[in-house]
Structure formats: C-alpha cells, structure tokens
Amino acid sequence: MRAVVLVGGKGTRLRPLTLATPKQMLPVAGRPMIEWVLEHLSAHGITDVVLSLGYRPDVFVEAYPDGRCGGVSLHYAVEDEPLDTAGAIAFAARGAGIDETFVVVNGDVLTGLDVTALIAFHRARRAAATIALTPVEDPSRYGVVPTDADGRVTAFIEKPPADQAPTNLINAGTYVLEPSVLDRIAPGGPVSIERTTFPALVEERTLFAMASDAPWVDAGTPATYLQVNLDRAGETPIDPTAAVDASAQVTASVVGAAARIGSAAVVSRSVLLEGATVGAGATVRDSIIGWRAHVGPGATVSGGSILGESVAVAAGETVTSRLVPAPAP
Ligand code: GDD
Ligand code: MG
C-alpha cells in the first residue's frame, strides 16, 4: 500500500530549531523524526511513500539521495506555495498517480498505532475516509472527533475553544482514504482537510473513525518534542561519542553525538543536540540545547528554554523559559 506523509509545515512552534531544519528532520533520540515515522509505516505493509514537501524540501532530498528511508521507497511532491493539509494530500497523490485506497499521516506524529487494524476497520465499513483517534487530556489543541456507536463521525471540530470539546478523542493524524476523496479537493490553492474536507464527509455520512490507546505523541511543540526524545531514547540516551565528565549529573536526558558536559554540571529532563556543550558547574533543566550551542560555566538554562544552533549563553547567565534567538514577531 502507498502513503502520503505530510512534512511541509513550517514548524513555527519549534523555532528556533526549525529555522533551517524542517520539523520532521529534527533528531528524535539521535535519528530524524521522519525515520521513526516511515519505519512504523513500513512495519504495517506500506512500501511507497510520497513525501509532501513545502518548507525546506532540500533538507529531505539531500538526506535521502537514493530515495529510500526507513524501509520504504520515497517520492517527493514539492509545493510551490503551502497548499494546507488537503491541498497537499491531493497534490501529492495526483502527482504520484494514486488510484487505490491509501494512507495519510501527519509526519510529526510518533505512535504505535496498529495501522493494519485501521485499514481493516476502514474496509469493513466501506468508508470514504477513516481517521485514527486517540484520547488526550486537553482536546482544544487538536481536531475533536465525536462518533456514533458504529464509529461513524458525527462532527469534526478543529481546535475548539477550551471546555467546548464534546469528547476527549481527537484526530490522531493517521487516515485511510479512498481515491474518491481526492475528487472533492479543488486543485490550485490551499484546502484544509480538517476544516473543509472532513466536515463535508461528515455531511455525507461517509467518514468513520477508530479509537486506539496506542502510545501517541504529536512532537510539534517544545514540551512534546522533549518528551518524545526522552521516550524513544530507551537504554542509550547518551551518544557514545559524547564526553560527559564523571562528576556531572545527567538524568532523564538525551545527549547527542559529540556533545560535551563539564565537571559538576547538572543536566536533567533535557535534550542536547549534536555538538552542544555545557560548561563546568552549569545547570540545564527541562530545555533543549541546539546543535553546537554552548552553555557557559555556571550558567542556568531551564523552564522549557530552547537554544538555537550555535547560540552561546555566557558564564553565570540565567535563561528561564526563553527561546534564543527569540522568533520574529
Ligand atoms: N505539504 C504540506 N503543506 N504539509 C503541511 C502544510 C502544507 O501547507 N501545513 C501543514 N503541513 C504538515 C505539517 O508539517 C505536519 O506534519 C502536518 O501537516 C500537520 O500540521 P501541524 O501544523 O502539525 O498541525 P497540528 O498539529 O496543529 O494539527 C493537526 O494534527 C493534530 C494531531 O497531531 C491536525 O490534523 C489536528 O486535527 C490533529 O488533531
Ligand atoms: Mg502537529
């Protein structure tokens, strides 16, 4: 089976990390996010993937020059302008000549979802489209999806105001689509699957959804990106090429290749990307230190801060809950 993987967003919530690197090429426990996503699809029988690209497509194309990644064959669909989710799916699927049932995933979602079961559920209901659902504590950041007892979707409410969500089951960002759905997406401009296409299918009663309690994270925010790194790092959170002083305290953190941590430094619940350095006696807590960024001796970086590529924090300085450099307003 074929899949379209959406990776064309600008990743604004992960700036400054995404200034030059698209979100799905950011490392998760030492490997680009996209590789985890594609490997999971491959394990469920997906053989060919169309990467739906817009923002910095060059980074993907250069990373996988032989057109293979995570066990699948890659094809690239590069948008001239952002087409939004449905526009991007239709552009990618038409370009690749997809004319059979296919899978779509948001490329920033890491999940253990049983995609094979989702496809079987879709076929059993003869649905035009089927959405995977996952329960979350705060549905207001997501697409909220109430269903009837058969799994037929009764409404699709993208990012409702807090406290106005009818259920805590949300769009988990994996879909099975019939090619007929493409016919209803007008070519040539942006169309949102969440705000236009799914609501139209609700009216036709051809949209279904299957809930799953498989592990699920949308890694598109600083807190969830950090979480997913910690989750996936498993037994080896410190890269073998990193140099950690014996007197440093490193707990619940992911330390990337060639990173260095000085004497008596404290690093907890944080991610150090490749080549990041933490000086002697410095503290890094609940934060992300970008590629080759430097935390000076005795400095403190904490509270969900993100240091961009090669940023330096001076000795003794305190950075709390800040993005450095700050994104342009
Ligand atoms: N090619 C292309 N073009 N891709 C895009 C575009 C575009 O114009 N806009 C967004 N994307 C990609 C992003 O890169 C991402 O992989 C995916 O589409 C979803 O966009 P996000 O910006 O991450 O959306 P979200 O997280 O706020 O919400 C979406 O995902 C939630 C689940 O994680 C929605 O689908 C929600 O309904 C859903 O609950
Ligand atoms: Mg997202």
Side-chain angles (χ1 to χ4, degrees), residues 3-15 17-18 21-26 28 32-34 36-38 41 49-57 59-60 75-96 103-111 113 129 131-146 153 155-160 165 167-175 177 185 188-199 201-202 207 209 211-212 214-225 227-228:
V4 172
V5 177
L6 293 172
V7 293
K10 290 192 178 136
T12 48
R13 289 166 291 189
L14 282 175
R15 282 183 296 178
L17 298 176
T18 46
T21 304
K23 171 162 68 173
Q24 296 85 357
M25 286 303 289
L26 293 176
V28 169
M33 193 184 294
I34 188 69
W36 296 98
V37 172
L38 297 181
L41 289 176
V49 164
V50 188
L51 280 189
S52 165
L53 302 167
Y55 179 62
R56 298 301 307 255
V59 180
F60 292 92
H75 311 267
Y76 300 108
V78 183
E79 290 155 33
D80 292 334
E81 46 151 352
L83 293 176
D84 206 341
T85 43
I89 294 165
F91 177 73
R94 284 182 191 124
V103 169
V104 174
V105 303
N106 287 348
D108 61 348
V109 167
L110 297 188
T111 178
L113 173 73
I131 306 173
L133 306 181
T134 191
V136 294
E137 255 168 50
D138 175 14
S140 67
R141 287 171 37 207
Y142 303 103
V144 178
V145 187
V153 175
F156 191 106
I157 314 148
E158 182 69 6
K159 303 191 175 118
T167 166
N168 72 334
L169 287 173
I170 59 108
N171 168 19
T174 299
Y175 319 131
L177 301 184
I185 303 170
V191 181
S192 162
I193 199 161
E194 296 87 351
R195 296 180 195 276
T196 302
T197 315
F198 285 154
L201 295 176
V202 168
L207 181 63
S212 155
W216 183 90
V217 184
D218 175 335
T221 70
T224 57
Y225 176 66
Q227 187 57 47
V228 95

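Order of listing sets the numbers, starting from 1, for every ligand and every atom in it. All residue numbers in this chain count up from 1 along the given sequence.
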Polar proximity ligand 1 side, [X] side, N/O cut 3.5 Å exclusive:
| X | value |
| --- | --- |
| Trp216 | no |
| Gly9 | yes |
| Gly8 | yes |
| Thr85 | no |
| Phe156 | no |
| Gly143 | yes |
| Arg141 | no |

Side chain, backbone, both or neither: [X] near ligand 1, heavy atoms under 4.0 Å:
| X | value |
| --- | --- |
| Tyr175 | side chain |
| Ile193 | neither |
| Ser52 | both |

Close side-chain approach of [X] and [Y], heavy atoms under 4.5 Å:
| X | Y | answer |
| --- | --- | --- |
| Val145 | Leu169 | no |
| Lys23 | Tyr225 | no |
| Thr21 | Arg56 | no |
| Gln24 | Val37 | no |
| Leu14 | Pro222 | yes |

Hey, could you give me the [atom1]/[atom2] distance between [X] and [Y], rounded to the nearest 0.5 Å?
| X | Y | atom1 | atom2 | value |
| --- | --- | --- | --- | --- |
| Asn171 | Ile157 | CG | CD1 | 12.0 Å |
| Lys10 | Thr18 | NZ | OG1 | 11.0 Å |
| Thr224 | Asp108 | OG1 | CG | 8.0 Å |
| Ile193 | Ile89 | CD1 | CD1 | 3.5 Å |

Check: [X] side chain, [Y] main-chain N or O, donor-acceptor pair, under 3.5 Å:
| X | Y | value |
| --- | --- | --- |
| Tyr142 | Thr134 | no |
| Ser52 | Val7 | no |
| Trp216 | Ala172 | yes |

In the protein, which heavy atom is nearest to [atom], and how far is it?
| atom | result |
| --- | --- |
| atom 30 (O) of ligand 1 | Asn106 ND2, 3.0 Å |
| atom 39 (O) of ligand 1 | Asn171 O, 2.7 Å |
| atom 8 (O) of ligand 1 | Asp84 N, 2.8 Å |
| atom 23 (O) of ligand 1 | Asp108 OD2, 2.8 Å |
| atom 35 (O) of ligand 1 | Glu194 OE2, 2.6 Å |

Look at [atom] and find which of [options] reaches it with the closest heavy atom.
| atom | options | value |
| --- | --- | --- |
| atom 3 (N) of ligand 1 | Lys23, Arg13, Arg195, Glu79 | Glu79 |
| atom 27 (O) of ligand 1 | Glu158, Lys10, Lys159, Glu81 | Lys159 |
| atom 33 (O) of ligand 1 | Leu6, Asp218, Thr134, Thr221 | Asp218 |

Whether Phe156 and Phe198 hold their rings parallel, tilted or perpendicular, with breakpoints at 30° and 60°: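 Phe156 and Phe198: tilted rings.
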N/O/S atom name from Asp218 that is nearest to the position of the Mg ion (ligand 2): OD2
The Mg ion (ligand 2) - name of the N/O/S atom of Asp108 that sits closest to it: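 Atom name returned: OD2.
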Contacting atoms of ligand 1, where contact means under 4.0 angstrom from a heavy atom of Pro82: 8 (O)
For Ala88, the ligand 1 atoms whose distance to one of its heavy atoms is below 4.0 Å: 1 (N), 2 (C), 3 (N)
Whether Gly107 lies under 4.0 Å from ligand 1, heavy atom: yes
